[in-house]
Amino acid sequence: MKHMNQVTMKRSALLCLVLSTRLVAEAAKLVRSDDLSHADNETNATNASALPAAANATAAANATAAPAVPAAPAAPAVPCQGNKWPIPTSIHANHLGKNEPLYSVYNDTKGEHTMYWVDFFKHQMINNPDWEPPRTWTLSVTVSSNLDRDVTFGFDGDGGYLVLTVPARASHQKIEVMDRVAGNGSRAVLSLRSDDLQKDDKIDFEDFCLLPRLCTQNGSDYCHVTGWRPKTGMSTLIGNSREECCDEVWCEKDETVDNCSSTRWKKKANFTSLRGGALDTCCDELWCNYTELCELPLKKEKFKVPMRGSTVDECCVDAYCVDFEGCDLSKTKVFAKDGDEDVRGNTKETCCKDVPCAEMDCEKQPQIGLWKNKTLVMGLGTTAELCCEKFICDDVVNCTDEPTKWARLPPLPGGNTRKGGTKELCCEAKSCKRFDCQSPGAEVIEENQGDTEAECCVQKCKHYKCSDPDKFVHLADHDKKTLPDEDHMTGQDIVGYSDADCCRAVWCEDYNCEDEGSKWEKKTAEELIGLQGNSKETCCTPVYCESFNCTMPTQWKKLVDTPLKKHQGATNDECCVRLFCKDFSSKEPPSQWKRDDTALYGSTEAECYIPIACVDSNFTCPGASSRQGSTDGCCCPATSDEKCE
């Protein structure tokens, strides 16, 4: 210990306990501290003097006996669940020598290290049964550093384990390491493993978290691999290997393998020395031996591909001829039914039935017109090629009897004989596609065969114009109200080129003359019989003004007919002309009448003028109240002979 103090003093390494402001007054109660720091000498001396005597005694006796460790401090606030870090989780390190414990405290006044937290850490880990080689643990902490180089810390033992590397200039950076424990609790010391830290160097550690690595952290499928299964209670086990977390499973003891007792499996040659966990690991597949198991002709393989199994039920099914594929269908047919019964079998002898050519009607075979029955029919066959012979075109077909539709085909190369028994096989069809129709409104029927107008052309109503639009409505243009819907929809495609084919006659009896007003009236029933038309001129009788008398003759004047125009109608508006007051001039004395500016229509003083009363002209002579006028002569005449002007 003295040697350690001298080395520490030479390197001026200081490690002290820095308490929060609230706890400075209670520095003697170190068990409640939650922060370890390396600070200046004066602060270190103050903190060191507060260490309990029991802690110093423990440090002195550390080399020879287990320390008498004071009671554990109150549980600090930890950032991780189940934290096993036994001392305060925040440490501020500087002025620390290489290989010196991170959490030792140096008393500058006494010139010696106080190993309280070092001993306390060891004691706690000695009492932790999980801190033993080669158990796996994880260590994490948040670090900050003002150094321009990386600095490493690690636990003592086997060259160092759970080594933390603090990156240069780290700022609140979390680092985490996982490693196997290389020493027991008595060697559990986290020390500086890099070069010394100087007085101005500073590294802050916060939120130390120390946890054993549980088997469950390896993943839910970690033990679910061939030859392994989870150990009982694996959720609480510590480990980072299958040996620690899983039990080996051997084929001969694996209940799921069941000694390969299935009819589809057999034991592998090295069955007793194999790890198990699955049938295909411990057993070899048994494949159906169709030849031995499926006895012909009543059985056959269940599938056309290899299949696992070793029994008839697994590998074979009943065989029926309807499924047999070995018949030569050019000469035989499948014998699938015997009456209403399905025929069982799986061989040619059982399932194939000969077909004699004599049963074939060659003229009904595919390519009708090409084949004919042979004169002498022999052998077996189901095709025309085997049982029939071909017609020769020149022997049976005349390509010139319909010259507008057919023409001779050119001879075959090499003088070969053309075979066939129909014009379709032996002659060249003349197509209407290239025909030029001359008839008005005609279209080419491209799918037809021929070279004449009658064979290749058709006249369509859509090209025809009705002869008299007053008597006919084109079927393609008519109104749905006058013709059935189906005619309306198909009118464009109607074949024809005449009024009878393409137009619909319209009749005057369906024409409504009342829609034309009072100038027209419906013809008599006798006149409408057989009368075709669709206009008022054709279907209605005109009504003329000559028999009409204008109503209100002082306001209307009857129109006068001329040799060139005969007025038509039966109302004032149609047969008369308006008389306007503005055009009327009264012949009565102007002293008795004045024009009515509000009057519009008329040709009399009563309609267009207003009488002037003498009393309105301020005449008061006897009799003036009954007279009309605006002068003395009119209102107050000197004699009875005096005129009113």
Side-chain angles (χ1 to χ4, degrees), residues 366-370 393 396-410 418 420-516 520 522-523 525-542:
Q367 292 184 292
I368 293 175
L370 178 62
C393 288
V396 295
V397 177
N398 181 5
C399 295
T400 61
D401 60 350
E402 293 181 283
T404 62
K405 293 186 176 181
W406 301 97
R408 287 184 178 275
L409 286 169
R418 192 179 299 278
T422 63
K423 288 181 178 179
E424 287 76 11
L425 296 174
C426 299
C427 309
E428 180 183 12
K430 294 184 177 181
S431 174
C432 288
K433 287 184 178 180
R434 296 184 296 273
F435 190 81
D436 185 15
C437 297
Q438 300 299 316
S439 301
E443 296 179 358
V444 174
I445 309 173
E446 293 187 354
E447 62 271 19
N448 278 12
Q449 184 180 343
D451 63 356
T452 66
E453 192 89 10
E455 293 167 326
C456 296
C457 304
V458 61
Q459 290 178 305
K460 295 289 186 71
C461 284
K462 64 183 179 180
H463 303 298
Y464 180 75
K465 186 176 180 180
C466 298
S467 60
D468 187 345
D470 186 43
K471 296 182 179 181
F472 296 97
V473 175
H474 199 286
L475 290 179
D477 301 325
H478 64 70
D479 191 320
K480 283 186 178 181
K481 293 181 180 179
T482 59
L483 290 177
D485 286 350
E486 58 270 19
D487 288 341
H488 176 75
M489 299 302 294
T490 61
Q492 287 284 356
D493 297 322
I494 294 174
V495 175
Y497 203 75
S498 65
D499 286 342
D501 295 330
C502 305
C503 307
R504 180 182 179 88
V506 289
W507 304 94
C508 284
E509 63 183 8
D510 298 322
Y511 191 85
N512 189 358
C513 295
E514 293 179 0
D515 291 343
E516 304 300 333
W520 302 90
K522 192 172 184 178
K523 289 182 180 291
E526 291 78 8
E527 292 175 319
L528 291 174
I529 295 174
L531 183 60
Q532 191 175 343
N534 192 39
S535 66
K536 58 182 180 294
E537 291 80 7
T538 304
C539 301
C540 307
T541 299

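Values below: all heavy atoms of this structure, side chains included; hydrogens, waters and symmetry mates excluded. Every value quoted in this text rests on a predicted model; they were computed, and no experiment measured them.
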Cys456 backbone acceptor or donor facing Asn448 side chain under 3.5 Å
no
Check whether Arg418 reaches the backbone of Pro410 with its side chain - one donor and one acceptor, N or O, closer than 3.5 Å.
yes
Which distance, rounded to the nearest 0.5 Å, do you find between the CD1 of Ile445 and the OG of Ser431?
11.5 Å
Gap between atom NE2 of His474 and atom CG of Asp499 - 0.5 Å precision
9.5 Å
If you measure SG to SG, does Cys399 sit under 2.5 Å from Cys426?
no
Please check if atom NZ in Lys523 has more than 12 non-hydrogen atoms from other residues, nucleotides or ligands closer than 6.0 Å.
yes
Kindly indicate, with the supporting measurements, whether the criterion side-chain contact (heavy atoms from CB on, under 4.5 Å) is fulfilled by Thr541 and Glu527.
CA-CA 10 Å; Thr541 299; Glu527 292 175 319; 4.1 Å; yes
Taking every heavy atom of Thr422 against every heavy atom of Val397, the minimum-distance pair comes out as N-CG2, 3.7 Å
Restricting to side chain to side chain donor-acceptor pair (under 3.5 Å), what partner residues turn up for Asp501, sequence neighbours left out?
Ser498
Taking atom CD of Glu526 and atom CG of Leu531, what is their separation to the nearest 0.5 Å?
13.0 Å
List in chain and number order the residues that pass salt bridge (Lys or Arg N to Asp or Glu O under 4.0 Å) with Asp451, two or more places apart in sequence or in another chain; answer none if no residue qualifies.
Lys430
Pair Thr538, Lys471 - check side-chain contact (heavy atoms from CB on, under 4.5 Å), show working.
CA-CA 9 Å; Thr538 304; Lys471 296 182 179 181; 5.6 Å; no
Might you point out which heavy atoms bring Leu528 and Cys508 nearest each other, and give the distance in Å?
CD2-CB, 3.7 Å
Give, for atom CD of Glu447 and atom NZ of Lys433, the distance between the pair rounded to the nearest 0.5 Å.
9.0 Å
Residues that Lys423 engages under side chain to side chain donor-acceptor pair (under 3.5 Å), provided they are two or more places apart:
Asp401, Glu402
Enumerate, atom names and distances included, each donor-acceptor pair closer than 3.5 Å involving a side-chain atom of residues 434-444, sequence neighbours excluded.
from: Asp436; atom 1: OD2; to: Gln438; atom 2: NE2; distance (Å): 3.2
from: Gln438; atom 1: NE2; to: Asp436; atom 2: O; distance (Å): 3.4
from: Ser439; atom 1: OG; to: Glu453; atom 2: OE2; distance (Å): 2.7
from: Glu443; atom 1: OE1; to: Lys460; atom 2: NZ; distance (Å): 3.3
from: Glu443; atom 1: OE2; to: Lys462; atom 2: NZ; distance (Å): 3.2
from: Glu443; atom 1: OE2; to: His463; atom 2: NE2; distance (Å): 2.9

Thiol sulfurs of Cys457 and Cys432 closer than 2.5 Å
no
Once side chain to side chain donor-acceptor pair (under 3.5 Å) is applied, do any residues pair with Glu516, and if so which ones, sequence neighbours excluded?
Tyr511
Hey, is CD on Glu514 packed in by over 12 heavy atoms from elsewhere, all under 6.0 Å?
no
List the atom of Glu509, the atom of Lys522, and the distance in Å for their closest heavy-atom pair.
O-NZ, 4.4 Å
Among all residues two or more places apart in sequence or in another chain, which pass the ring pair (Phe, Tyr, Trp, His ring centres under 6.0 Å) test with Tyr497?
Tyr464
Whether Glu428 side chain and Ala407 backbone form a donor-acceptor pair below 3.5 Å
no
When you take the SG atom of each Cys, Cys513 and Cys539, is the space between them under 2.5 Å?
no
